[in-house]
Amino acid sequence: MKQVRLAFGHRILVVTESRQAEIQKMLPQLLCLGVGHGVVETVDVFRRAVGEVENSVDFLIIDTPGFDTNLTRLAHSLADTLVTPVNDSLIDLNVLARTDPETGLPVETSHYARLVQRARSERLAIGGETIDWVLVRNRISMLASRNARQVHTTLEGIATRFGCRMADGIAERVIFRSLFPSGTTVFDPLDEEGDASSVSHVSARQEYRNLVSALNLPLIEKRPAEPILLSA
């Protein structure tokens, strides 16, 4: 058993599939922040894990792979807020919709968007509420370009067609590449005492804050800050 306490005023648990090894590297940092972490491999384990903690945490973050699995479908159907990161590339938009090469408007729904639409329909039929779907532009280029403008315009068309929202995500920054090998984030303390944060460091932090604000996550009344016991 491991105890997980408040993280930034909220109790947070991250659940991921075991095949996604990236988050395992960041586990020490998650624990330092007070963010719990669990790994699931089957639908039954996933259901049990969610049932154990859904009334004990403020935010349950489910990290799913980018391909269709039974676990992915189940996770989508349970989501209050669905965050879909989209790289600043027209190629990545193909998982959402096939677009007209001249107008950039969506003309055919692609496999991932169909998966989300099914999940939203099932959620609406069962509980009367739908999933707040947010398309987040990821690895945004720091330089303005025709491609970036086209991606933004195409995403707007996709968001309108599918009834979801858009949010600016995180820019492509060297600071992220330098931090990745150590598994640290821009919110971690600097290694050397007295080191000042760079402009890129400060800007990256603000981008994350802006993104969380744009997600407009549903909040519930805070409960007393008690430790949460999770199965190892």
Side-chain angles (χ1 to χ4, degrees), residues 14-24 38-47 49-50 59-141 145-172 211 214-218:
V14 177
V15 178
T16 182
E17 286 196 40
S18 60
R19 282 172 289 185
Q20 292 185 278
E22 291 86 353
I23 201 168
Q24 299 284 355
V39 178
V40 295
E41 297 179 348
T42 67
V43 170
D44 289 339
V45 172
F46 179 82
R47 289 183 183 277
V50 172
F59 295 104
L60 175 60
I61 301 173
I62 305 173
D63 188 16
T64 63
F67 46 86
D68 190 1
T69 66
N70 290 334
L71 193 56
T72 297
R73 295 178 189 178
L74 177 59
H76 280 65
S77 68
L78 295 175
D80 294 312
T81 303
L82 173 61
V83 180
T84 302
V86 181
N87 287 340
D88 231 22
S89 165
L90 292 172
I91 296 176
D92 278 20
L93 299 183
N94 281 334
V95 301
L96 298 173
R98 186 173 64 83
T99 58
D100 186 295
E102 295 184 1
T103 65
L105 296 177
V107 295
E108 183 180 344
T109 304
S110 294
H111 63 280
Y112 179 73
R114 288 195 295 269
L115 183 154
V116 175
Q117 287 179 322
R118 286 196 300 269
R120 297 179 90 188
S121 298
E122 291 170 1
R123 180 69 173 273
L124 183 63
I126 295 174
E129 297 181 354
T130 189
I131 300 168
D132 183 15
W133 187 14
V134 187
L135 304 178
V136 177
R137 294 178 63 199
N138 190 37
R139 302 180 65 180
I140 302 172
S141 173
S145 67
R146 180 177 179 275
N147 176 76
R149 291 191 297 270
Q150 190 172 357
V151 168
H152 183 82
T153 300
T154 303
L155 267 181
E156 285 183 330
I158 291 175
T160 299
R161 172 164 178 169
F162 296 148
C164 53
R165 299 191 288 123
M166 276 182 58
D168 283 338
I170 310 302
E172 181 72 49
L211 175 56
L215 292 180
N216 193 28
L217 298 172

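The minimum heavy-atom distance between Thr64 and Ala75, with the atom names listed, is CG2-CB, 3.7 Å. The shortest heavy-atom contact between Arg120 and Trp133 is NH1-CE3, 3.8 Å.
Judged purely by atom type and a 3.5 angstrom limit, Ser110 has no side-chain atom pairing as donor or acceptor with the backbone of Tyr112.
Under the rule for a side-chain contact (heavy atoms from CB on, under 4.5 Å), the partners of Asn138 that lie at least two apart in sequence or sit in another chain are Pro85, Asn87, Ile170. For Ala79, the side-chain contact (heavy atoms from CB on, under 4.5 Å) partners are Ile131, not counting sequence neighbours. Considering only residues two or more places apart in sequence or on other chains, Leu74 meets the side-chain contact (heavy atoms from CB on, under 4.5 Å) condition with Val43, Phe46, Arg47, Ser77, Leu78. Scanning for side-chain hydrogen bond (donor to acceptor under 3.5 Å, both in side chains) contacts around Asn147 gives an empty result, with sequence neighbours left out.
At least one side-chain heavy atom of Leu96 sits under 4.5 Å from a side-chain heavy atom of Val86. Put simply, the side chain of Thr81 reaches to within 4.5 Å of the side chain of Pro218, judged on heavy atoms.
The salt bridge (Lys or Arg N to Asp or Glu O under 4.0 Å) analysis of residues 153-165, with sequence neighbours excluded, yields the pairs Asp132-Arg165. Applying the salt bridge (Lys or Arg N to Asp or Glu O under 4.0 Å) test to residues at least two apart or on different chains, the pairs with a partner in residues 82-99 are Asp88-Arg137, Arg98-Glu108.
Rounded to the nearest 0.5 angstrom, Met166 CE and Thr84 OG1 are separated by 12.5 Å.
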